[in-house]
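FYI, side chains are in, hydrogens and waters are out, and symmetry mates aren't considered; it's all heavy atoms of this structure.
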Amino acid sequence: MGVNINQYQLDIISRHQGSGEYLFNVFSNGDSDEIIEKKLAARLLSLAKQMKNLAKELELPPKFSFQYARHSYATGIIKGGISLKAISETMGHTNASTTKII
């Protein structure tokens with residue numbers, strides 16, 4: 001299963017291309033696993049705060065979060081008739097029963 005990327009997405013990627021092997025320069029080549037975990041945690045915290053601010057600005061529910069977005073995405077594609085197996089794979093679930101909870 002491939003991922004379709006449109007021109008708008010390609011433009012964003014090209015503007016933020018990392019200087020090393022990673023996109024967006026969040027990690028650096030040669031970072032240890034411990035450093036990557038710390039940088040990832042810091043970036044996720046920053047993104048979560050940005051999502052909360054965006055939700056407030058757009059008058060979305062205060063509970064808006066990564067998990068809320070994932071659940072909304074999954075619910076929408078379930079209603080669109082996508083198979084549970086395909087949804088489970090795109091969500092990264094190792095067991096389709098996890099997807100059924102949605």
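Grouped with Leu84 in a hydrophobic cluster is no other residue, since no side-chain heavy-atom contact under 4.5 Å to another Ile, Leu, Val, Met, Phe, Trp or Tyr is found.
Using a 4.5 Å heavy-atom threshold, the side chains of Phe27 and Ile35 count as separate. In this structure the side chain of Arg15 reaches within 4.5 angstrom of the side chain of Ile12, judged on heavy atoms. Residues Glu37 and Glu34 fail the side-chain proximity criterion, which asks for heavy atoms closer than 4.5 Å.
Taken to the nearest 0.5 Å, the NE2 atom of His71 stands 9.0 Å off from the CE atom of Met91. With rounding to the nearest 0.5 angstrom, the CD1 atom of Ile13 is 12.0 Å from the OH atom of Tyr8. With values rounded to the nearest 0.5 angstrom, Arg43 atom CZ is found 8.0 Å from Gln50 atom CD.
Other residues, nucleotides and ligands contribute over 12 non-hydrogen atoms within 6.0 Å of the NZ atom of Lys39.
With hydrogens and angles ignored, the 3.5 Å screen pairs a side-chain donor or acceptor of Ser83 with a backbone N or O of Ala86. A distance-only check finds a donor-acceptor pair linking the side chain of Ser72 to the backbone of Tyr68 [under 3.5 Å]. A donor-acceptor pair under 3.5 Å is formed between the side chain of Lys52 and the backbone N or O of Phe64. Judged purely by atom type and a 3.5 angstrom limit, Lys56 has no side-chain atom pairing as donor or acceptor with the backbone of Pro62.
Side-chain contact of Gln7 with Asp11: a donor-acceptor pair under 3.5 Å is present, judged by distance alone.
Here the shortest heavy-atom pairing between Pro61 and Ala55 reads O-CB, 4.1 Å. Taking both residues in full, the closest heavy atoms of Ile82 and Ile87 are given as O-CD1, 3.5 Å, listed atom of the first, atom of the second, then distance.
In the hydrophobic cluster analysis, where Ile, Leu, Val, Met, Phe, Trp and Tyr join through side-chain heavy atoms closer than 4.5 angstrom, Leu45 is grouped apart from Leu40.
Residues passing the ring-ring contact (aromatic ring centres under 6.0 Å, His included) test with Phe66, sequence neighbours excluded: none.
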